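Since this is a predicted model, take the numbers as computed values, not measurements. One-based numbering, in listed order, for ligands and for the atoms of each. Computed from heavy atoms alone, side chains included, the values below leave out hydrogens, waters and symmetry copies.
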Amino acid sequence: MNFCSECGTRVTLIVPEGDDRERHVCTACQTIHYQNPKIIAGTLPIVDDQILLCRRAIEPRKGLWTLPAGFMENEESTLEAARRETWEEACARTCREELYTIISIPSISQVYMFYRAELEKPEFSPGQESLEVALFSEDEIPWDDLAFRTVSRTLEFFFADRNREQFVLRDEVLSF
Ligand SMILES: [Zn+2]
């Protein structure tokens, strides 16, 4: 951040009085511009014994496979964000969602939240951000062509839990 969004003056990085870390502070109006983590919400859509994946049409990781997910918008819930992203990327409507993984990545200040979900109908097609959308059984998952570690972790948890027939909420930290 270079300029104050309140008055347009250049900001400086200082530790405000009473704070314990550097913030962007406006040298004119003194506004403190806090920056906080972003939340990415998505779904793990299940159709019978298969998982729906999307092949990305956009950077980053264009051409690789992902679960439908994206940045939360203001004024929506995490579940609403996950449903919206699934609709935008896979033209699929989910139901019976259950929160399944919460994965923090402190190094880039992001938190991923994936819901296990079913599809209202077995209907899906590529949205604008996807090259293709397809169903994969466990032995068909393109492990070497997954876009994000949060996606591979969530899929690893899912197949492990499905094999032992017990799903538990996972709260993970990825460091890299
Ligand atoms: Zn200012």
Any salt bridge between D161 and R170, counting N to O under 4.0 Å?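 Salt bridge present between D161 and R170.
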With sequence neighbours left out, write down each residue that passes side-chain hydrogen bond (donor to acceptor under 3.5 Å, both in side chains) with D48, or none if nothing qualifies.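 D48 satisfies side-chain hydrogen bond (donor to acceptor under 3.5 Å, both in side chains) with no residue once adjacent residues are dropped.
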Out of curiosity, T12 OG1 to N2 CG, how far, rounded to the nearest 0.5 Å?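 The CG atom of N2 is 11.5 Å from OG1 of T12, to the nearest 0.5 Å.
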Would you give the length of the straight line joining atom CE of M1 to atom CG of L13, rounded to the nearest 0.5 angstrom?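 It comes to 10.5 Å.
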Number of protein N/O/S atoms that sit closer than 2.8 Å to the Zn ion (ligand 1):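 N, O or S atoms of the protein closer than 2.8 Å: 4.
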T43 side chain to T86 side chain, donor-acceptor N/O pair below 3.5 angstrom: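 Side chains of T43 and T86: pair found under 3.5 Å.
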Strictly under 6.0 Å, is that where the ring centroids of F167 and F157 end up?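 Here the rings of F157 and F167 have centres that are no less than 6.0 Å from each other.
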